[in-house]
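These figures come from a predicted structure and were not determined experimentally. Residues take their numbers from the sequence shown, with the count starting at 1. Basis for what follows: all heavy atoms, side chains included, without hydrogens, waters or symmetry-related copies.
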Amino acid sequence: MTVVDFASLPRLLGAHCTVDPDRLKRYEIPERGEPGKASGLVVPRSEAEVGQLLATCSAHGIPLVISAGRTGLVEAQRPEGECVLSLEKLNRPLSFTTPDGERFRFDESASPEAAADALGAWWRGLGQPPAHDGVLEVQAGMAVDAVNLILAPLGLMWPMEMGSSSAASVGGCIANASAGANAVCYGTAAHLAIQAFGYSGDGREVVSDAPAWKPVPADVLAINSAQPRPEWGLIGTQGVLGVITRATLRAYAIPVQREAALIPVADMPAAMRILAAARALFGDDVEEFEFIGKPALELVRELKGEAFRSPLARHEAPYYLLLQVKSHKAHVDLAGMLYEFLADDVGLAEDDIGYAPLKVLKEIRHSITEASNARMRKLGGGRLSFDTATPVAVFGDYLKVLEQELRAEFPQVALIAFGHAGVGGAHLHVLGSPESPAAVHGKALTRILFDVTQDFGGTFSAEHGVGSKWGSEFIARAPKAVQEALVAAKRRHDPQLTLSPRNFALERLLQA
């Protein structure tokens with residue numbers, strides 16, 4: 001594909017396009033990985049402008065990479081000569097509709113705080129009718145935390161929980177089918193949407209219906225971003241078929257009660273038996289089931305120092321679980337139920353039941369990446385980061401075998417493991433040292449890790465997407481039928497290969 005001369009981009013793409021090197025720098029540095037190089041930047045101010053830009057870029061052979069919250073970890077937003085399309089200005093709420101059809105439209109210039117106040121006042125003026133299962137319509141560049149700030153006065157939430165929710169965009173989450181800590185209860189961001197609106201790679205309007213959430217059997221892979229579903233359109237296809245500019249979201253009632261505990265376990269197979277028992281007792285009210293390896297917990301302790309707060313007196317177990325349950329009934333003794341479950345059904349001693357306010361437990365869980373970053377900088381040997389998943393039924397055995405296989409060949413490896421055990425998802429950090437840099441053994445470590453994952457019926461990319469980082473793995477490991485379906489959809493929706501041409505190694509697949 002031939003790209004037009006850089007200097008001509010503003011003439012072709014309009015007033016909101018720049019080729020100023022100083023403006024481009026921010027968009028050339030990904031969350032992780034090496035900096036890229038952008039040929040230009042365009043920041044549309046309306047949805048219609050996005051469609052016009054895509055049509056123009058398709059007609060003139062101008063490739064684009066999409067930038068939204070910029071929290072992605074697979075280098076999908078890193079340009080290598082493409083123009084960057086940023087959705088940062090499409091960041092406001094549009095409307096809220098109650099289940100009985102009453103509709104509130106937000107002021108275009110209102111801040112999230114002002115929008116929340118206005119929505120709350122409108123709702124109270126209606127007599128506070130039932131609002132759960134209402135529909136919030138937002139632009140795609142809006143941050144997840146801003147969505148929840150707006151919904152809070154109505155006692156509602158959009159249950160997308162992750163460490164980057166202050167910046168991660170709604171459109172990015174839906175496009176990636178991001179999971180997060182609450183996926184065990186509510187499904188991925190693909191299921192938390194109702195519809196996604198936007199434009200195909202050549203500028204045609206697209207409306208995509210979200211899939212309904214159904215609990216996944218334990219022997220089936222629950223999250224797998226290495227197997228996009230072209231039939232979902234813009235949802236879950238990671239921006240290679242089109243750009244989401246707006247979405248309607250399901251609004252869920254904030255639970256009346258939530259209780260959680262941090263609990264030690266001897267190994268991950270035991271952890272997964274606890275999940276099965278918790279589901280048998282609490283059913284769909286198991287809201288989170290996260291795991292934290294001891295090395296990850298130790299890193300958080302090191303990072304926080306004297307500020308570290310843990311509900312446990314001892315930290316000797318190989319793994320810890322964050323089990324959170326909910327109830328929409330005020331009269332239920334949820335704390336008592338959880339305690340009895342852990343003491344009687346699981347058989348934990350009182351000292352091993354780490355009760356604490358949710359804020360304390362969530363701070364531990366969401367500090368792991370920051371702590372890993374700090375240790376990586378201190379060691380100076382770099383890091384390899386992975387996002388894998390297997391079916392829940394084999395997840396405990398998978399982690400056990402994976403660690404054995406890695407240590408058998410690389411005994412010096414520092415493995416930091418944590419993640420969404422409730423849906424079989426693992427975030428894995430392999431830290432190197434100056435004597436043994438992670439990059440030196442990168443290919444061998446990646447091969448071992450992905451081979452073991454594949455042996456357990458898992459995926460090399462659970463929820464973070466494929467991007468350009470794992471394009472070669474997609475070619476090597478994704479079923480041919482999956483590759484062919486994605487290539488066929490790319491030809492239909494983006495025939496000029498305008499959008500993210502390197503993601504999923506699509507340039508190579510189309511040439512082949």
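With hydrogens and angles left out, the side-chain atoms of Ser95 and Glu137 include a donor and acceptor closer than 3.5 Å. A side-chain donor from one of Tyr186 and Glu287 sits under 3.5 Å from a side-chain acceptor of the other. With hydrogens and angles left out, the side-chain atoms of Thr98 and Asp100 include a donor and acceptor closer than 3.5 Å.
Minimum interatomic distance between Val325 and Val286 (heavy atoms only, all atoms of both residues): CG1-CA, 4.3 Å.
Using the six-membered ring where Trp is involved, Phe386 and Trp470 have ring planes that are parallel, under 30° apart on the 30 and 60° scheme. Relative ring orientation between Tyr398 and Phe395 is described as tilted, the plane-to-plane angle lying within the 30° to 60° band. The aromatic rings of Tyr355 and Tyr339 sit parallel, their planes meeting at an angle under 30°, below the 60° perpendicular limit. Ring-plane geometry between His464 and His427 is classed as parallel, the angle between the planes falling under 30 degrees on a 0 to 90 degree scale with a further cut at 60.
Dense packing is recorded around CG of Asp333, with more than 12 heavy atoms of other residues, nucleotides or ligands lying under 6.0 Å away.
One finds no salt bridge joining Arg365 and Glu288 here, because no Lys/Arg side-chain nitrogen approaches an Asp/Glu carboxylate oxygen to under 4.0 Å.
Side-chain contact between Leu154 and Phe96: present, with at least one pair of heavy atoms (C-beta onward) separated by less than 4.5 Å. Looking only at side-chain heavy atoms (C-beta outward), Leu136 and Leu156 stay at 4.5 Å or farther from each other. Arg78 places none of its side-chain heavy atoms less than 4.5 Å from the side chain of Val65.
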